[in-house]
Structures are given as C-alpha cells and as structure tokens.
2 protein chains.
Amino acid sequence: MNIGTAASKSGMSAKTIRYYEDIGLIAPANRRESGYRDYSEDDVHLLQFLHRARSLGFSVKQCRELLSLYKDRNRASGDVKAIALGHVHEISEKIKELQAMKDTLETLVDKCHGDERPNCPILKDLAGSEPNNK
Amino acid sequence: MNIGTAASKSGMSAKTIRYYEDIGLIAPANRRESGYRDYSEDDVHLLQFLHRARSLGFSVKQCRELLSLYKDRNRASGDVKAIALGHVHEISEKIKELQAMKDTLETLVDKCHGDERPNCPILKDLAGSEPNNK
DNA sequence: ATAACCCTTCCAGTAACTGTAAGGTCAAGA
DNA sequence: TCTTGACCTTACAGTTACTGGAAGGGTTAT
C-alpha cells in the first residue's frame, strides 16, 4: 500500500512516516518501480506501535529503545518496565510543575478585578515586590 | 553593570538575555565604549519580570503581550486577566493530558511482572490487540 | 606581562515534526 | 487519448526557546 494508506491506518501523517525513516527510527520502506514507498500490514503494525507509544508521551529516543525490546524475543520484561517507570516519573514531575504554575496563576487571577482600571495584581506580581512604572 | 551581573540578578543566563534582545523581546542594551552591554537596575527589573513570567509558563509571545500591557500605564486590568486565564486553561489541558498518559502507563506497569520473562503487557498494549512477534 | 575571566559575534544543534515548492505517477472520466 | 486531480517524490525552511562552542577582544589582579 502507499504511504497515505499506511498513514491513515496507523494514525500518523505521511510526513511523519518519512521523517521516522529519515532519522532511522524505522527501516527504509520497500519501493515500487515508480519510486513510491510500499507498505505491508506488518509495517503498519509497527507504525501503530510507534503512534501509540508517542501518544503516551514516550520520546522518539525512548521509542527506539522500546522498539528494540519489542523486536527482541528474548528481551526482559523488566527492561520495558524500567523505561515505562522512568517515563511515569518524568510525567509526574511535569504534572507537579504545571500544577504549581496553575495554582499561582489562579491565585493571581482571583485577585484581579479584571476591569478597565489599570491597577493589575497579575502585573504587580510579575514585576516583583517593587513595581516600577517606568 | 555587565550582562553577567544582570543575568545573575535576574535569574536568567547571559545567553538568554542576548537572545531576547535578538528577537526583539527587549530593547537593545546600551553599550560601553568597549562594546560591552551595560544594564541599569531598571533593565534588571524588566528581566526579572520576564523571568517570572516564563517560569509561570507564559510563552515568549505571551510575554510580549504582557510586556506591552505592563509598559502601558493605561492598560486595562481585564486584558491581563484574559491572557492569564487563557494560559491557565492551556495549563489545565496539558495537565489533563499528562494525567491520562500517567494513568494508562501506571495500569500497564502494574500488570507487568517485570522479570526476565519476555512476555510483557506493556509491549503488548503498545503493539495493539493483535501482537505480532515478527 | 600574564593569567583568569569576562565580553563580543556568529553559526550550529536541540525535539519532533510541519509547511512549501517543484516536479513525477496514477487512475478515472470526457 | 488526453486531461484532471489526487497522490507520490525530494529537499529545504520554519517552528520554540533557547544552549553550546568557536574565535577573538576587553578587564582585572598579581
């Protein structure tokens, strides 16, 4: 099948598939005489794997590791678990960070009357303790 | 003061300050005869504003808006509040997304025995309903 | 004077694509 | 058969917000 078909079956764009080939995340596709890339169901399956992993927030680098473990019939389940756990940790940290930002901003927004008057607590906070109306 | 001093006072790197000047987020600094950039306390204050805004997750583009509101003595508090609220919304969405990822991954990790056997539920999930041990 | 450290500009690299341009291929309808 | 439109190709630029490094000049203290 053509790249467009493989793209819609796997959920990613044709652009992305070519990109993954470019960076060596996936092997170069077979080519027809016309030069068009030609994909099998197995190829699509691999693309789906990648799509799912990326949508779960694994980086391309992590996908590379997961792929090599996926392709290795003797891989240890523990290796995969370690990658996943590491990733869970990263995600937790990111959530904490965002939550802290959100809390701060919500506090500021609450304090802001949000009318036409120029006195804004949000700007005051950003400007620090000693606002400077240059 | 030199850029290094302004950097440590404001909490950002000298590189970043030059970069902000480059992209026009801040005005070009005054120069000494030597060509060195020269910063005043007011400049540092502006840099601190930016540092705080960036650390709260505002994009550079949003910082540009905030800055122009900050410099405008007649700005409406409501404009600032709108930007902040929009940003809070973005952050909330991001948190939801990450939380969903984390939940999925934790479920998978729980199912994984994590030993030396190659049968891994995480890879199975990534591979979809019809695993293919090519 | 010499070391140590600061500053300058400029170019490249990062992550993971997306957009665009210029051109070749394919299938279906007039 | 010709044409139209959808699809494919490569290659290069742009995105975000910086960071790293090279090559070279300025400043300060000993």
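Only a predicted model underlies this, so the values are computations on that prediction, with no experimental measurement involved. Just so we're on the same page: letters track the sequence lines, and every chain starts at 1.
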**OP:** Could you check A:L69 against A:I83 for side-chain contact (heavy atoms from CB on, under 4.5 Å), going step by step and ending with a plain yes or no?
**Re:** CA-CA 11 Å; A:L69 291 170; A:I83 294 177; 3.7 Å; yes

Between protein and nucleic acid, restricted to nucleotides 26-29 of chain D and to nitrogen or oxygen atoms under 3.5 Å apart, what atom pairs and distances do you find?
residue, atom, partner, partner atom, Å
D:dG26, O4', B:Y36, OH, 3.3

Original post:
Could you state the interatomic distance from CD (A:Q62) to OG (A:S59), rounded to the nearest 0.5 Å?
Top reply: 3.5 Å

**OP:** For DNA chain C, note the earliest and the latest nucleotide, 5' to 3', having some atom under 4.0 Å of a heavy atom belonging to chain A.
**Re:** C:dA16 to C:dC26

Original post:
Which pair of heavy atoms, one from A:L67 and one from A:L25, lies closest together, and at what distance?
Top reply: CD1-O, 3.6 Å

Original post:
Residues two or more places apart in sequence or in another chain: which of them pass ring pair (Phe, Tyr, Trp, His ring centres under 6.0 Å) with B:Y36?
Top reply: none

Original post:
Who are the ring pair (Phe, Tyr, Trp, His ring centres under 6.0 Å) partners of A:H51, not counting sequence neighbours?
Top reply: none

Side-chain donor-acceptor pairs under 3.5 Å in residues 9-19 of chain A, sequence neighbours left out?
residue, atom, partner, partner atom, Å
A:K9, NZ, A:E41, OE2, 2.8
A:S10, OG, A:A6, O, 2.9
A:S10, OG, A:A7, O, 3.2
A:S13, OG, A:T16, N, 3.1
A:S13, OG, A:T16, OG1, 2.8

**OP:** Could you tell me which residues satisfy side chain to side chain donor-acceptor pair (under 3.5 Å) with A:K96, sequence neighbours excluded, listed by chain and number?
**Re:** A:E93

Original post:
If only atom types and distance count, is the side chain of A:H87 paired as donor or acceptor with the main-chain N or O of A:G57 below 3.5 Å?
Top reply: yes

Original post:
Where is the tightest heavy-atom contact between A:R31 and A:G35, given as atom of each residue plus distance?
Top reply: NH1-O, 2.9 Å

Subject >> Presence of A:R37 side-chain N/O under 4.0 Å of D:dC8 phosphate oxygens OP1/OP2 >> reply: no

Original post:
Who are the ring pair (Phe, Tyr, Trp, His ring centres under 6.0 Å) partners of B:F49, not counting sequence neighbours?
Top reply: B:Y70

Subject >> Where at least one partner belongs to residues 97-109 of chain B, residue pairs that pass side-chain hydrogen bond (donor to acceptor under 3.5 Å, both in side chains), sequence neighbours excluded >> reply: B:Q99-B:D103

Subject >> For A:N30, all residues meeting side chain to side chain donor-acceptor pair (under 3.5 Å), sequence neighbours excluded >> reply: none

Subject >> Shortest non-hydrogen contact between A:K81 and B:G114, atoms and distance >> reply: CD-CA, 3.8 Å

Original post:
Short question: side chain of B:D38, backbone of B:R32 - any donor-acceptor pair under 3.5 Å?
Top reply: no

Subject >> Polar side chain donor-acceptor pair, B:S40 to B:D43, under 3.5 angstrom >> reply: yes

**OP:** Enumerate the residues from residues 7-31 of chain B whose closest heavy atom to DNA chain C is under 4.0 Å, giving them by residue number; use none for an empty result.
**Re:** B:K15, B:R18, B:R31

Original post:
What residues in residues 49-67 of chain A put a non-hydrogen atom under 4.0 Å from any atom of DNA chain D?
Top reply: none

Subject >> Within residues 86-96 of chain B, residues whose heavy atoms come under 4.0 Å of DNA chain C >> reply: none

